[in-house]
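Residue indices begin at 1 and follow the sequence shown.
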Amino acid sequence: MPNIRLPRRMWPMLTALAALAGIALTPLTACTESTAPPRGRVVLLGGLFDLTGNWSTLGEASKAAMELAVEDVNQYLAGNAADLEFAAAVENTRLDPDTALQKAQALRARGIQLLIGPQSSAEVARLKPFVDANGLLLVSQSSTAGSLAIAGDNVFRFTPTDSMEGVAISALMWDDGVRVVVPVWRDDPGNAGLVTAVRARFAALGGTVLEGLAYDAHTTDFTATADNLADQVDAAIRQHGRGAVAVYLAAFDEVVALFGAATPHPILGSVAWYGSDGVANSAALVGDRTASEFAVRVGYPSPAFAVEEGARDIWQPLAERIRARTGRDPDAYALTVYDAVWVIARGYVASGATSDIEKLKHAFTTAASTHYGATGWCVLNAAGDRKYGDFAYWAIRMDGGAPHWERVAHYESRTGRLVRLPAPTQTTSLRGEP
């Protein structure tokens, strides 16, 4: 595989993939025309990413990761006996659930059965009935809503669910001395799920999560939201003291407009804020001076699924290749797209290139259980979601007057250990992951 130096632990997986491609010839030629793909078949993989709207930073990186993975898989399978190759067909969802469904329907009409994306839980929830009813296999790189953790369905997710992120961000808030949280969130399944997870975990630690407020996903004017939030924060400070109170915000790129509306309220700039994975490493936030300055003032560390140090020799060169295409450092969610393509390819070939969804799901989950890729082990739990995952906390800092994201802490899910990083080792790149 050009441009990627693969560790020895990946050799057995790749050897197995090549062997599967070789032995696939017999069942394919023995099957009837109705069940066997023709020789030289191009298998289309559908990509559902936000390329122009909210959270497009991830969408652009996801597209690049998918294209690179397809190139690498095809190079490795070149000349295989089954004579299969893969191609990417990417559609722009604009992070809109209805648009995502329309794009998925269009891809299905083209004969595509294997989908990667979409990014948000709201989109995944909208697609789920269609995916289940039409025999599609869908792998989201960043949906976290616990309400979508359903065993036996056709939806898989290569990221930890919101319950794990809720534990991670609660650990940081508690360690910072926060005892009362005022939540504000985008009213969609993913962000609402994060708030639910934080309520449960923070209460278990002995803290209090107040009522807070949700805003509609289509909100563009956050004046009323900021006014309401300021009143709730002021009341919390009067009762509990400023140092014990913080705001937890679960959002996407609309955080720019929300921070713009919050800036005129001194009370909102006087307490600590904490964020979610939908904002960590947002290009939109660092691209807006007013919003980024507010983020620096209130701290605003935001957790995101983190890659494993042991997989550095896989993800580091891959991150550089994605950066060359997009001009930005990809996060771990984008790198899961690369792993998803490899697991889908392994499962598809192992299944004999079948269209039987139950056989495909079995082959896919089996391939995931033994795949060590750019994001480490890709083992899934009974609900088809990533079983293990650590988190990195990212915050905006100023360097020479310019805002940029820095990694400030790390949470180890298996041990419950919170590790704060000294300033000299912080970095905006995946190259600094612990």
As a quick check of understanding, evaluate side chain to side chain contact (heavy atoms under 4.5 Å, CB included) for L210 and V181, giving each step before the final call. CA-CA 6 Å; L210 301 179; V181 174; over 6 Å; no
Between [X] and [Y]: side-chain donor-acceptor atoms closer than 3.5 Å:
X	Y	value
Q232	N228	yes
D176	Y274	yes
Q119	S143	no
S355	Q113	no
E406	H404	yes
T370	R346	yes
D385	T161	no

Does some side-chain heavy atom of [Y] sit less than 4.5 Å from a side-chain heavy atom of [X]?
X	Y	answer
L95	E123	yes
F86	N74	yes
L421	V419	yes
W55	S282	no
V195	D162	no
S121	D188	no
V70	L45	yes
S413	F391	yes

Option among V90, I116, L107, N92 that satisfies the side chain to side chain contact (heavy atoms under 4.5 Å, CB included) test with L48: L107
For a side chain to side chain contact (heavy atoms under 4.5 Å, CB included) with L360, tell me which candidate from N154, I344, T354 qualifies. T354
Residue pair [X] / [Y]: nearest heavy atoms and the distance that separates them:
X	Y	result
Y248	S276	OH-CB, 3.9 Å
A334	A61	CB-CB, 3.6 Å
A345	V73	CB-CG1, 3.9 Å

Starting at [atom1] of [X], measure out to [atom2] of [Y] and round the result to the nearest 0.5 Å.
X	Y	atom1	atom2	answer
R386	F305	CZ	CZ	3.5 Å
L51	E91	CG	CD	9.0 Å
L136	I112	CG	CD1	9.0 Å

What class does the angle between the rings of F222 and Y215 fall in, given that below 30° is parallel, 30 to 60° is tilted and above 60° is perpendicular? perpendicular
Any carboxylate oxygen within less than 4.0 angstrom of a Lys/Arg side-chain nitrogen, looking at [X] and [Y]?
X	Y	answer
D216	R186	no
E60	K63	no
R325	E71	yes
D356	K361	no
D96	R94	no

For W273, all residues meeting ring pair (Phe, Tyr, Trp, His ring centres under 6.0 Å), sequence neighbours excluded: F259, F294
Does the gap between the ring centers of W174 and F202 come in under 6.0 Å? yes
What about the rings of Y393 and Y411, do their centers lie closer together than 6.0 Å? no
Begin from the C-alpha positions of T99 and Q102 and carry the test side chain to side chain donor-acceptor pair (under 3.5 Å) through to its verdict. CA-CA 5 Å; T99 300; Q102 293 168 9; 4.8 Å; no
Report the C-alpha separation of R312 and E309 in whole Å, then their side-chain angles, then the decisive distance to 0.1 Å, and conclude whether the salt bridge (charged side-chain N to carboxylate O under 4.0 Å, His left out) test is met. CA-CA 5 Å; R312 176 184 290 272; E309 171 60 22; 2.8 Å; yes
Worked check of salt bridge (charged side-chain N to carboxylate O under 4.0 Å, His left out) between D72 and R321: CA-CA 12 Å; D72 292 343; R321 295 168 70 194; 2.9 Å; yes
